[in-house]
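To keep things clear, I will list the structure first and then write my remarks on it.
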Amino acid sequence: MQSVAISGSGLFVPQARISNEELVQAFNQYVAEENRRNADAIAAGSSAPLLESSVEFIEKASGIKYRHVLEKSGILDPQRLRPRFIPRADDELSLMAEVAVAAARQALAAAGKTADDIDMVICAASNMQRAYPAMAIEIQHALGIAGHGFDMNVACSSATFGMAQAANAILSGNARAVLVVNPEITSAHHCWHDRDCHFIFGDICTAVVLETTASARAGSWEILGSKLATQFSNNIRNNAGFINRCEDSDPQARDKLFMQEGRKVFKEVCPMAAAHIAEQLGRLGISPASGVRRYWLHQANLSMNQLIARKLLEREASADEAPIILDEYANTASAGSIIAFHQHQADLAAGDIGVICSFGAGYSIGSLVLKKI
Ligand code: CO8
């Protein structure tokens, strides 16, 4: 029977990098300025002062040390706290397509494929730069790919859900090979002035090529199975959308950016993700503790990954078993588990089993069990 493999991956990393120290310095300057501006109301007790952030808290609570971003100066400007992007003309390549093309070229080269080999492009990410035309179609055009493309958004699970759709398209004969790109420009929909979460996100783009196992190069990863699950939750939410202007709501209001109940997310998603992976491996007859060589988990929070891996292995996981990349890149939404896969798969041997698993807003969980061929 025909099966599908991931035959190449690519990673675009923005050059600009922000340390926790730099981020906290800018944030605390914003806090001081806001508190000065509101001094009378604070003194009268009608307004609470904003509280400072701290490097120690960020590292302890999340494990994040750095994040890469497409534009640093605007984020670190205490009067702005958001990136400064220059508008582009409609006939210029859009920012999201630009980073996707850079990652895609690497993935194509790694797979030993050219544009002529690809029949379908999926742009899967937690936010799209515009409503239409689809980002995927612009990326397809920029790369000179025939066939078709479409966008999809399942927040942090966009990449895994996208790969599952790609595999189905190949199995059904709709495409010979599929390019899945995950341009995550999280800096533009992240709330850099919210102390509870200002440190969480970074920008990145990942890309993978999927094709039949028969046509894939040696060293590719056969997909033994994929499992997708969603369960509605408001604990991670962003209310920005095209209806906003007709509601006459404030486009700058807090709810038009990423919001979360971080504690609840942590408590609810960890057991769901561990059970999801265990159930899928069980169906494939693979032991989570002894049958899996590597877990490429979603990268939101270090303790979260340690807890999920501990539930699966029934002991602490080593960095070799469940690599962490969020210290360098922070949470990159759907790209996180793919970065881990991209950077930590070459050393494994033919026959080794690995699991990619994403979890996040929706809630949404997507896992792929892979075998190196
Ligand atoms: N500095 C100092 N102290 C702080 C700070 C700070 N920056 N922030 C909070 N504190 C204080 C709080 O005030 C609190 O104090 P007290 O105990 O006195 O009340 C104390 O620290 C503890 O606060 P929390 O309970 O909030 O801290 P946690 O230990 O829970 O850590 C985390 C917070 C890191 C957010 C943690 O809860 C977490 O990581 N949760 C999981 C989050 C997660 O996985 N979310 C997934 C979202 S990603 C996703 O699905 C993609 C969405 C689309 C992408 C959008 C891109 C923009």
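Remember, predicted model here, so these are calculated numbers, not experimental data. Indexing begins at 1, ligand by ligand and atom by atom, following the structure's order. Values below: every heavy atom of this structure, side chains too, minus hydrogens, waters and symmetry copies.
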Report the residues that fulfil salt bridge (Lys or Arg N to Asp or Glu O under 4.0 Å) with Glu59, sequence neighbours left out, ordered by chain and then residue number. none
Please find out if less than 6.0 Å separates the ring center of Tyr66 from that of Tyr329. no
Under 3.5 Å donor-acceptor pairs involving side-chain atoms of residues 263-275, not counting sequence neighbours:
residue : atom : partner : partner atom : Å
Glu268  : OE1  : Asn235  : ND2          : 3.3
Glu268  : OE1  : Tyr363  : OH           : 2.7

Regarding Asp77 and Arg82, does a basic nitrogen lie under 4.0 Å from an acidic carboxylate oxygen? no
By the side chain to side chain donor-acceptor pair (under 3.5 Å) test, which pairs, at least two apart or in different chains, include something from residues 364-373? Ser157-Ser364, His276-Ser367, Gln280-Ser367
With the criterion set at N/O pairs under 3.5 Å, what does the list of contacts between the protein and ligand 1 look like, atom names and distances included?
residue  : atom   : partner : partner atom : Å
ligand 1 : 1 (N)  : Ser54   : N            : 3.2
ligand 1 : 3 (N)  : Arg195  : NH2          : 3.1
ligand 1 : 7 (N)  : Ser53   : OG           : 2.9
ligand 1 : 7 (N)  : Arg195  : O            : 2.8
ligand 1 : 8 (N)  : Arg195  : O            : 3.4
ligand 1 : 13 (O) : Arg195  : NH1          : 3.0
ligand 1 : 25 (O) : Arg263  : NE           : 3.2
ligand 1 : 29 (O) : Arg263  : NH2          : 3.0
ligand 1 : 30 (O) : Arg263  : NE           : 2.8
ligand 1 : 37 (O) : Gly262  : O            : 3.3
ligand 1 : 39 (O) : Asn301  : ND2          : 2.8
ligand 1 : 40 (N) : Gly262  : O            : 3.1
ligand 1 : 45 (N) : Gln260  : OE1          : 2.8
ligand 1 : 50 (O) : Ala361  : N            : 2.7

So, His298 versus Phe359, ring centres under 6.0 angstrom or not? yes
